[in-house]
Peer 1: 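Let me begin by handing over the structure; questions about it come next.
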Amino acid sequence: VLVGVLLAVYGQIYQTGADAFELFVGWGVLISVWVIFSEFAALWMVWLVVLNTGAILYWLQVGDPVHSISYEWLCMTLAALDGGALALRETGMKRGLEWVKGRWSRIVLLTAALAALTPPVIHLIVDFTGAGGAAGLAAAAWAGAAGGGYVCYRFRLPDMPSLSLVVANACIILLTLIGKVLFHGARFEWGGLFLLFGLIILGVMSMAVVLLRKTAAMMANEAKESEK
Amino acid sequence: MNENAPTMGELLAHPRVQGFVSPGEAAKIAERLAEHDGAPKDPLYIRVLSGMGAWFAAACFIVFLVISELLENNVDALIVGSLLLGAGIIVSRASKATFPGQLSLALAFAGNTLVLFGAASLFNQDAMAGAFAAQAVVCIVVYPLHLNAVYRFLAPTALAVLAAAWILEEEAFVLMHLLMAAETLLAGVGMFRKRPPAWFAPLARSAAVMAPATILFMNLLEMDMWGPGYNEPAWPSSLLLAGAMIYLYIHLAGGWKRLGEPWMVLAVASTILLGVFTTPGVLVAIGLLVAGYGFGDRFLMGVSLLFLPCFLVLFYYALNIDLAHKSWVITGSGALLLAARGVAGRFAHGEATQ
């Protein structure tokens, strides 16, 4: 943390004129070796936050205004960064590293990876003709991430909270799709569509809750069987 | 691993255990276990999912009501809102199945929102006071009747938010400390009572979340986020929270007789110093963290870990010194914490060997 403060002080005193993203990227690079050897999950999170912030600022300050990079590429970059960190975390846990075993890091990284990919998918659904090719790629990446996450946390590394995150994310995408189909071409003044959509939301979420409860029961039975 | 692990009932009936637990205590334990067996509780992630779905559905119901012109004026909103709240209560008590449970939650959210909107519009000039009063009435009436834990958590949370908004509007900032005191008291009752009733738990959790949120709001007011004018000193909340934390330590340590122990003296002294030199936000976040560890409550730990970085960042941001000196303060804080950890570790080791 102090390295970031040092860079901020340096930039303030010498007025280098550097963009904000350069501070965050430089901060991330300078502490990377320290982080790798620290074996401390919270420090890894700080490092990832710094890198994510640097990527976002790069897109805001250079990527979009200068190179016209679409936001979907930023989303995929963030998802790759956080998803890659998650994959490393799970590999470390499989190999018995004690310092990665806190469940909170899995939840945070999975949320970040899925959240990064969700906006392009929603954009693709809502404005299919207006969305670019990158949105399609992001949607494919989301499908892979969500599917892979479900298989991983249902069968390989059973974990209900992570599974529920994947299911909740899938519900958001499904409801966006249903909403698009329902309201497309309909007059928005027809209040009945909103009542129907409200009931559909309840139906989809209820099914998700029932699925999660049944899955939790099956996973508990499987765990008991494997202990025998 | 033992394939036939004994149940708690079998353990209590074992002759060797009976010597340690009196028949009265064994009966109470068995009764408590039976209560838990009969009341299956959804894990947090399922309740969050249910809550999310209900919120979006409630928004759709409200849009439907507005578009279909069933709400022509404030009184209509109050009446329809009350009816929806009543329907939500009836559905929640009629069925425990998943879909009716979510429907009851959506009806309650929609009804509560309409009641607030109707009351705020009715009071016109004093909209915030009207909304606060309406939410207070809704909480008092609906909270005991609606069985859903998510609604029971969110209704008092909304009440606290409206209270803060009303205080901001009236610029009666001294009342923020009163709000803080009420939240601390409710959270404390939830933590310290040996057998809090099941209906009280969501209220206590709401208070545990709103206590740091209220202080965060006060900190943001100090930074003139909502316009100038806030110059209320923070010491009443710091005093209250420091006192509450010291009581917490004594409760967790096993009673007032532990007050003279060296590590307890260190903990109390550190708390007093934190109260003097930092903000109430740092105190409340650390208090929740200690309570979370002490009572094995992950929810409290999660809330603390969410707010502690915010309060630390705000504290260092608000320090009226340049960045170079701030970096010294951060370094010094880290060194002090490491030293305190070393000293506390020695006391803990000494106590373990005794």
Side-chain angles (χ1 to χ4, degrees), chain A residues 1-13 42 45-46 49 102-104 107-108 159-169 171-172 175 179 182 187-213 215-216 224 227-228, chain B residues 1-5 40 42-71 97-107 109-110 298 301-302 305-306 309 312-313 316 322-331 333-334:
Chain A
V1 172
L2 283 177
V3 172
V5 177
L6 173 69
L7 291 174
V9 171
Y10 192 87
Q12 216 176 41
I13 292 172
M45 285 299 149
V46 169
V49 167
R103 186 193 263 166
W104 66 272
I107 302 289
V108 169
D159 184 32
M160 278 311 299
S162 304
L163 204 59
S164 68
L165 259 176
V166 175
V167 168
N169 187 246
C171 286
I172 290 170
L175 285 168
L182 199 62
R187 291 178 306 140
F188 274 86
E189 304 87 74
W190 188 28
L193 276 177
F194 282 96
L195 178 63
L196 179 62
F197 190 52
L199 292 170
I200 290 173
I201 291 173
L202 292 177
V204 167
M205 288 304 196
S206 298
M207 284 195 297
V209 167
V210 168
L211 170 71
L212 287 171
R213 282 192 190 134
T215 307
K224 276 185 194 167
E227 276 170 14
K228 285 178 186 173
Chain B
M1 187 170 165
N2 187 2
E3 288 182 300
N4 300 312
D42 273 331
L44 179 66
Y45 49 86
I46 284 187
R47 280 180 277 157
V48 169
L49 199 61
S50 302
M52 269 171 52
W55 263 119
F56 286 116
C60 290
F61 293 160
I62 291 172
V63 171
F64 158 69
L65 289 168
V66 169
I67 288 177
S68 54
E69 295 176 4
L70 286 170
L71 305 173
T98 307
F99 184 79
Q102 296 222 5
L103 179 63
S104 78
L105 199 53
L107 290 171
F109 286 155
R298 281 185 173 184
M301 281 196 276
L305 291 173
L306 201 64
L312 288 174
V313 166
Y316 285 109
D322 58 40
L323 269 179
H325 286 102
K326 278 187 188 180
S327 61
W328 283 113
V329 171
I330 294 174
T331 310
S333 308

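Computed from a predicted model, the values in this text were never measured in an experiment. Lettering of chains follows the sequences in order, A, B, ..., and the numbering in each one begins at 1. Computed over heavy atoms, backbone and side chain alike; hydrogens, waters and symmetry mates excluded.
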Peer 1: At what distance, to the nearest 0.5 angstrom, does CG of A:Leu199 lie from CD of B:Gln102?
Peer 2: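 One finds 12.0 Å between CG of A:Leu199 and CD of B:Gln102.
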Peer 1: If you measure from CG on B:Leu65 to CZ on A:Phe194, what distance do you get to the nearest 0.5 Å?
Peer 2: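 Between B:Leu65 CG and A:Phe194 CZ, I get 12.0 Å after rounding to 0.5 Å.
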Peer 1: Please look at A:Met160 and chain B and tell me whether the side chain, the backbone, both or neither of the residue comes under 4.5 angstrom of a heavy atom of that chain.
Peer 2: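 Looking at A:Met160, backbone and side chain both touch chain B.
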Peer 1: Specify which of B:Val48, B:Leu103, B:Ile62 makes the most heavy-atom pairs with chain A at under 4.5 Å.
Peer 2: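 Of B:Val48, B:Leu103, B:Ile62, B:Leu103 has the most heavy-atom pairs under 4.5 Å with chain A.
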Peer 1: CZ of B:Phe56: more than 12 outside heavy atoms within 6.0 angstrom?
Peer 2: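 No - once you tally the heavy atoms of other residues, nucleotides and ligands closer than 6.0 Å, there are 12 at most.
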Peer 1: Name the residue from A:Leu212, A:Asn169, A:Thr215, A:Leu211 that meets the side-chain contact (heavy atoms from CB on, under 4.5 Å) definition with A:Ser164.
Peer 2: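 Among the candidates, only A:Leu212 passes.
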Peer 1: In terms of heavy-atom pairs under 4.5 Å, which option from A:Pro161, A:Ala216, A:Ala208 contacts chain B the most?
Peer 2: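 Of the candidates given, the most pairs with chain B belong to A:Pro161.
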Peer 1: So which of B:Ala59, B:Ala97, B:Pro309, B:Gly53 has the biggest tally of heavy-atom pairs under 4.5 Å with chain A?
Peer 2: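 Heavy-atom pairs under 4.5 Å are most numerous for B:Gly53.
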Peer 1: To the nearest 0.5 Å, tell me how far A:Cys171 SG sits from B:Met52 CE.
Peer 2: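 Between atom SG of A:Cys171 and atom CE of B:Met52 there are 7.5 Å.
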Peer 1: Do you know which of B:Thr98, B:Leu44, B:Ile46 has the most heavy-atom pairs under 4.5 Å to chain A?
Peer 2: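 Heavy-atom pair counts peak at B:Thr98.
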Peer 1: Under 4.5 Å from any heavy atom of chain B, what part of A:Ile172 do you find: side chain, backbone, both or neither?
Peer 2: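 The side chain, not the backbone.
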